[in-house]
Amino acid sequence: MPDLSPRRRILVLAICCMSLLIVGLDNTILNVALPTMQRDLHTTVSGMQWTIDAYTLVLASLLMLAGSTADRIGRRRVFMAGLIVFTLGSLLCSLAPNLSSLVAFRTIQAVGGSMLNPVAMSIITNTFTDPRERARAIGVWSGVVGISMAAGPIVGGLLVDSVGWRSIFWINLPVGLAALLLTWRYVPESRAPKPRRPDPVGQLLVVALLGSLTYAIIEAPSAGWTSARILFFCAVALAALTGLLVYEPRRREPLIDLRFFRSVPFSGATVIAVSAFAALGGFLFVNTLYLQNVRGLDALHAGLYMVPMAAVTLVVAPLSGRLVASRGPRPSLLIAGVTMAASGLVFAAFRGESSTPLLFTGYVLFGLGFGMVNSPITNTAVSGMPRAQAGVAAAVASTSRQTGQTLGVAVIGAVLAGGLSGAGGYAAAFPDAARPAWWIITGCGLAVLVMGAATSGRRARESARRTAERLETETEVVGAGVS
């Protein structure tokens, strides 16, 4: 990538942030619309889980393929293709006549989405080469998550109440088209000097692992954990995981480079991403159903209730990026772990939903934790890897996020559905049914705290530096051998 002027670099960052904005808005807006969609499409809690997990599952499955493909054929080209497919998928979702069609069209959205955020992060990494500038840019990038969280519930609630749930997908159309035109005009093309070859077997194993595991978790409450169907999909997931661990290290250029996990911070960032985004997916899912189906709020007022959480994330995320740039990832991760665990504890131990002040306290704590956690995850993932493999490293980090959110919705939704199954009144049974879900979210926060403390110290950063140097050397040797 050619050297760009400071103004041009900021413009590239803004264009990349547009892709994160529409993906983030799509997530938070959809959560606000879930109860209305559930009534209109005459579906169950598991049906609502699939509208979310169909997207995050496909996204998680294809992110690494998109990252390596972008490194190989051109990041700008893949990014533009992602914008086109995502915008088309949004249009189709707005026209879906039933739940099955909506789930299918959400997968099309996800195919496009898989080509956006990891590729955009790779573009940012190669645009901002100075570590401090890159950390600040990632802080701005993370702040867009807060913007989408702040705007999503309000915009989604307003659209659902005034126009209908289908309109939540329309907002992606003008933003997607504008980002496409700006990318074509201002973002320079770049690719890795020694890109990796495709790994179709590894890709199929990733799809089999995530798909079968998610299906088993979502459908187990209705089918039974010991049913032949669920046991079959659990066996497929185990076989796919075994296949990945055996097959990938044998490839010269694997889809998942297990050597990345020699880096203690990178491994820690992966676990933290899964834990934090599992908590986010479960938190939004449970709260949306509670506010509308138990408290009886309409979509707009439910969105307004969640604004304190989103507003705190909006303010804190850029500050976290600056904190990472000046003091490293450790302070942000410790604050994130403590506050996310405390938020879950407010609901799990003190029945925060029973009191509006406690409810808002839990929301603010979670917003603070989530705002803090995103920048150190991303910065750790890309800064400890060779720049030539920035797309793959960013894709692994993004895959960890989406995998966490997929599992969070699947596991917590399954726990909630199991608690509501056979219960009396929905509203009366909901608080007790949700209690185990809040304990799971508390555990996710504690996992962020423990892993953040264990993997963000000086020794861990030195491990990351040595690992990056070894990977750079090994990549050069492989490239010379291939050529």
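It should be emphasised that the depicted structure is a prediction, and the values quoted were computed from it without experimental measurement. We count residues from 1, following the sequence as given.
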Asker: Who passes side-chain hydrogen bond (donor to acceptor under 3.5 Å, both in side chains) against Tyr363, sequence neighbours left out?
Answerer: Asn287
Asker: Please identify each residue that fulfils ring pair (Phe, Tyr, Trp, His ring centres under 6.0 Å) with Phe79, with sequence neighbours left out.
Answerer: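 Expected list: none.
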Asker: Ignoring hydrogens and angles, tell me if any N or O in the side chain of Ser19 forms a donor-acceptor pair with the backbone of Ile15 under 3.5 Å.
Answerer: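 Between the backbone of Ile15 and the side chain of Ser19 there is no qualifying donor-acceptor contact (under 3.5 Å).
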Asker: On the 0 to 90° scale, with breaks at 30° and 60°, tag the Phe366-Phe283 ring pair as parallel, tilted or perpendicular.
Answerer: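 Phe366 and Phe283: parallel rings.
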Asker: Please output the side-chain donor-acceptor pairs of residues 170-180 that fall under 3.5 Å, not counting sequence neighbours, one pair per line with the distance.
Answerer:
unit_1	atom_1	unit_2	atom_2	d
Trp170	NE1	Ser94	OG	3.4
Asn172	ND2	Asp26	OD1	3.4
Asn172	ND2	Ser90	OG	3.0

Asker: Identify the two heavy atoms, one from Ser212 and one from Leu209, that lie closest to each other, and give their separation to 0.1 Å.
Answerer: OG-O, 3.3 Å
Asker: Where do Leu95 and Arg166 come nearest, in terms of heavy atoms and distance?
Answerer: C-NH1, 3.6 Å
Asker: Apply the test side-chain contact (heavy atoms from CB on, under 4.5 Å) to residues Asn374 and Ser320: give CA-CA distance (whole Å), side-chain angles for both, the deciding distance (0.1 Å), then the verdict.
Answerer: CA-CA 8 Å; Asn374 215 23; Ser320 178; over 6 Å; no
Asker: What pairs with Thr107 under side-chain hydrogen bond (donor to acceptor under 3.5 Å, both in side chains), at least two apart in sequence or on another chain?
Answerer: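 Expected list: none.
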Asker: Which heavy atom in Gly282 sits nearest to a heavy atom in Ile441, and how many Å separate them?
Answerer: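 Minimum heavy-atom separation between Gly282 and Ile441: C-CD1, 4.1 Å.
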Asker: With a 4.5 Å heavy-atom cut-off, do Cys93 and Leu102 have their side chains touching?
Answerer: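 They are in contact (side-chain heavy atoms under 4.5 Å apart), so the answer is yes.
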Asker: Going by the rule ring pair (Phe, Tyr, Trp, His ring centres under 6.0 Å), which residues pair with Tyr247 if we only count those two or more places apart in sequence or in a different chain?
Answerer: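 In terms of ring pair (Phe, Tyr, Trp, His ring centres under 6.0 Å), with neighbours along the sequence ignored, Tyr247 is linked to no residue.
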Asker: Side-chain donor-acceptor pair under 3.5 Å between Thr406 and Thr214, yes or no?
Answerer: no
Asker: Side-chain contact, heavy-atom cut-off 4.5 Å: Thr442 with Met340?
Answerer: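 No - every pair of side-chain heavy atoms lies 4.5 Å or more apart.
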Asker: For the residue pair Ala336 and Met372, what are the closest heavy atoms and their distance?
Answerer: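 Heavy-atom minimum between the residues: CB-CB, 3.9 Å.
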Asker: Minimum heavy-atom separation for Met48 to Leu34, with atom names?
Answerer: SD-O, 3.2 Å
Asker: Looking at Leu407 and Leu213, what are the two nearest heavy atoms and their distance?
Answerer: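 Smallest interatomic distance, heavy atoms only, reads CD2-CD2, 3.9 Å.
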Asker: Can you confirm whether Val312 sits close enough to Phe370 that some side-chain heavy atom of one is under 4.5 Å from a side-chain heavy atom of the other?
Answerer: no
Asker: For residues 445-452, which side-chain donor-acceptor pairs fall under 3.5 Å, sequence neighbours excluded?
Answerer:
none

Asker: Could you walk me through whether Glu133 and Arg9 satisfy the side-chain contact (heavy atoms from CB on, under 4.5 Å) test, starting with their C-alpha distance in whole Å, then the side-chain angles of each, then the deciding distance to 0.1 Å, before giving a yes or no?
Answerer: CA-CA 10 Å; Glu133 282 192 1; Arg9 290 200 298 270; 3.8 Å; yes
Asker: Side chains of Leu13 and Thr127: does their closest heavy-atom pair fall under 4.5 Å?
Answerer: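 Contact flag for Leu13/Thr127 side chains = no.
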